[in-house]
There are 2 protein chains.
Amino acid sequence: MRAALRTGEVAALAGVNIQTLRYYERRGLLTEPIRSTGGHRLYPPDTVALLTVIKAAQRLGFTLDEVADLLDTGRRHPTPDLRRRAIDKIAEIDARIADLTAIRHTLTEVVEAHCDSLTNCTCPDCPLPFATLAVPADPA
Amino acid sequence: MRAALRTGEVAALAGVNIQTLRYYERRGLLTEPIRSTGGHRLYPPDTVALLTVIKAAQRLGFTLDEVADLLDTGRRHPTPDLRRRAIDKIAEIDARIADLTAIRHTLTEVVEAHCDSLTNCTCPDCPLPFATLAVPADPA
DNA sequence: GGTAAGCCTGTACCTGGGTACCGGATGCAA
DNA sequence: TTGCATCCGGTACCCAGGTACAGGCTTACC
């Protein structure tokens with residue numbers, strides 16, 4: 001273990017807040033690093049890459065709990081877990097896009113009709129009273 | 001004003017929680033209703049319709065602050081405000097959909113490559129090291 | 001060895017949109 | 001008039017993903 005990094009160095013290199021490192025440690029995303037004699041954390045250099053992976057996984061739509069899970073199982077042995085979760089996540093995204101598309105459609109109607117009030121619209125054929133979009137199914 | 005409604009009646013008819021009514025009052029979405037001699041709220045019957053409008057606007061992607069604003073300006077006089085905000089909201093939605101589409105694309109790569117670990121993927125040509133999606137521009 | 005920058009723990013706070021609980025007061029019907 | 005359902009205000013809590021602050025210790029450099 002050469003060139004262990006201090007909290008501030010890891011944070012700067014990974015572009016995250018120092019508090020975030022401790023938060024991730026509490027959440028189980030980062031394993032507890034060794035400490036200096038005085039109690040300061042000393043991180044292995046690949047922690048920076050790990051943080052990049054975490055951020056990428058977050059960007060892919062995984063929650064921190066899911067990322068912690070994936071890191072945990074993936075560290076021990078290869079599993080089809082990641083692939084399965086990615087498939088689920090794609091389904092979630094498709095549902096979300098469909099929902100946004102429906103909302104977008106209603107908004108364009110509002111724009112095209114020149115609506116001027118939520119409650120007292122004076123435009124002819126106002127779409128607003130019909131803007132009762134169905135609540136999307138909760139994927140949870 | 002005939003048949004004023006009590007809190008619980010409005011809540012049941014509109015399908016919202018009683019606490020939500022008081023919350024909306026605090027947030028300025030509902031004007032303070034008259035009170036009974038004992039201090040209980042007595043709502044005009046069209047409050048139920050107003051709540052439906054609020055819920056619809058929320059579904060269209062407007063925050064409660066924006067809805068409060070829209071209700072406020074739209075109540076006083078017709079304005080192009082709603083239309084303008086709807087146009088902005090469509091742009092936000094388009095950005096969000098584009099972002100989700102990029103994420104979806106990376107996820108399909110993960111699925112197709114049969115990735116089995118976030119950090120130690122054994123699949124050939126693993127896309128994960130390249131899964132550093134750009135952070136989307138903050139529309140705020 | 002001095003001193004400033006950095007790090008420690010613990011706790012509180014932030015956003016947005018609500019929800020829950022408490023002790024006490026009211027409303028309404030029999 | 002009694003009894004139960006409902007409502008009152010105030011405060012605290014929920015979710016996720018962090019961020020901030022206070023008061024005290026450590027490390028690094030001159």
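When reading the values below, keep in mind they use all heavy atoms of this one structure, side chains included, and skip hydrogens, waters and symmetry mates. What you see is a predicted model; the values in this text were computed from it and never measured. Below, chain A is the first sequence line, B the second, and so on; all start at residue 1.
By the side chain to side chain contact (heavy atoms under 4.5 Å, CB included) test, B:Val111 is found to be paired with A:Arg83, A:Ala86, A:Ile87, A:Ile90, residues two or more places apart in sequence or in another chain being considered. Evaluation of the side chain to side chain contact (heavy atoms under 4.5 Å, CB included) rule for B:Val53 yields A:Leu118, A:Thr119 as partners, not counting sequence neighbours. Taking A:Asn120 as the reference, A:Ser117 meet the side chain to side chain contact (heavy atoms under 4.5 Å, CB included) condition, with sequence neighbours excluded. Scored by the side chain to side chain contact (heavy atoms under 4.5 Å, CB included) test, A:Ala113 finds A:Cys115, A:Cys123, A:Pro127 as partners (sequence neighbours excluded).
A:Thr79 and B:Asp116 share no donor-acceptor pair across their side chains, judged by distance under 3.5 Å alone.
The CG-C1' distance, from B:Leu21 to D:dG9, rounds to 15 Å in whole Å. Between the CG atom of B:Leu42 and the P atom of D:dC7 there is a distance of 10 Å, rounded to whole Å. The separation between A:Arg35 atom CZ and D:dT26 atom P is 13 Å, rounded to whole Å. Whole-Å rounding puts the B:Leu5 CG to D:dC7 P distance at 11 Å.
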Could you write out each protein N or O paired with an N or O of nucleotides 15-17 of chain D at a distance under 3.5 Å?
{"from": "D:dG17", "atom 1": "OP2", "to": "A:Leu64", "atom 2": "N", "distance (Å)": "3.4"}
{"from": "D:dG17", "atom 1": "N7", "to": "A:Tyr23", "atom 2": "OH", "distance (Å)": "3.4"}

Between protein and nucleotides 10-13 of chain D, what N or O pairs are separated by less than 3.5 Å?
{"from": "D:dG10", "atom 1": "O6", "to": "B:Arg22", "atom 2": "NH2", "distance (Å)": "3.3"}

Each nucleotide N or O in nucleotides 28-30 of chain D that has a protein N or O under 3.5 Å away: list the pair and distance.
none

Using distance only, find each side-chain donor-acceptor pair of residues 99-107 of chain A under 3.5 Å and give its atom names and separation, not counting sequence neighbours.
{"from": "A:Asp99", "atom 1": "OD1", "to": "B:Arg59", "atom 2": "NH2", "distance (Å)": "3.0"}
{"from": "A:Asp99", "atom 1": "OD2", "to": "A:Arg96", "atom 2": "NH1", "distance (Å)": "3.3"}
{"from": "A:Asp99", "atom 1": "OD2", "to": "B:Arg59", "atom 2": "NH1", "distance (Å)": "3.4"}
{"from": "A:Thr101", "atom 1": "OG1", "to": "A:Ile97", "atom 2": "O", "distance (Å)": "2.7"}
{"from": "A:Arg104", "atom 1": "NH1", "to": "B:Asp94", "atom 2": "OD1", "distance (Å)": "2.4"}
{"from": "A:Arg104", "atom 1": "NH1", "to": "B:Asp94", "atom 2": "OD2", "distance (Å)": "2.5"}
{"from": "A:His105", "atom 1": "NE2", "to": "A:Glu109", "atom 2": "OE2", "distance (Å)": "3.3"}
{"from": "A:Thr106", "atom 1": "OG1", "to": "A:Ala102", "atom 2": "O", "distance (Å)": "3.4"}

Considering only distance and modelled atom types, tabulate donor-acceptor pairs under 3.5 Å from the side chains of residues 12-23 of chain A, sequence neighbours left out.
{"from": "A:Asn17", "atom 1": "OD1", "to": "A:Gln19", "atom 2": "N", "distance (Å)": "2.8"}
{"from": "A:Tyr23", "atom 1": "OH", "to": "A:Arg27", "atom 2": "NH1", "distance (Å)": "2.9"}

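You can see that DNA chain C meets the heavy atoms of chain B within a 4.0 Å-exclusive cut from C:dG17 to C:dG27, reading 5' to 3'.
Note on residues 29-43 of chain A: pairs passing salt bridge (charged side-chain N to carboxylate O under 4.0 Å, His left out), not counting sequence neighbours, are A:Glu25-A:Arg41. Listed by first and then second residue, the salt bridge (charged side-chain N to carboxylate O under 4.0 Å, His left out) pairs involving residues 71-82 of chain B are B:Asp72-B:Arg76, B:Asp81-B:Arg84, B:Asp81-B:Arg85 (not counting sequence neighbours).
The heavy-atom pair separating B:Thr7 from B:Tyr43 by the smallest distance is CA-CE1, 4.0 Å. Minimum interatomic distance between A:Ala4 and A:Leu42 (heavy atoms only, all atoms of both residues): CB-CB, 4.0 Å. The heavy-atom pair separating B:Tyr24 from B:Leu51 by the smallest distance is CD2-CD2, 3.7 Å. Contact record, A:Val67 with A:Ala57: CG2-CB, 3.8 Å, taken as the closest heavy-atom pair.
Remark: B:Arg41 is in phosphate contact with D:dG9, judged by side-chain N or O atoms under 4.0 Å from OP1 or OP2.
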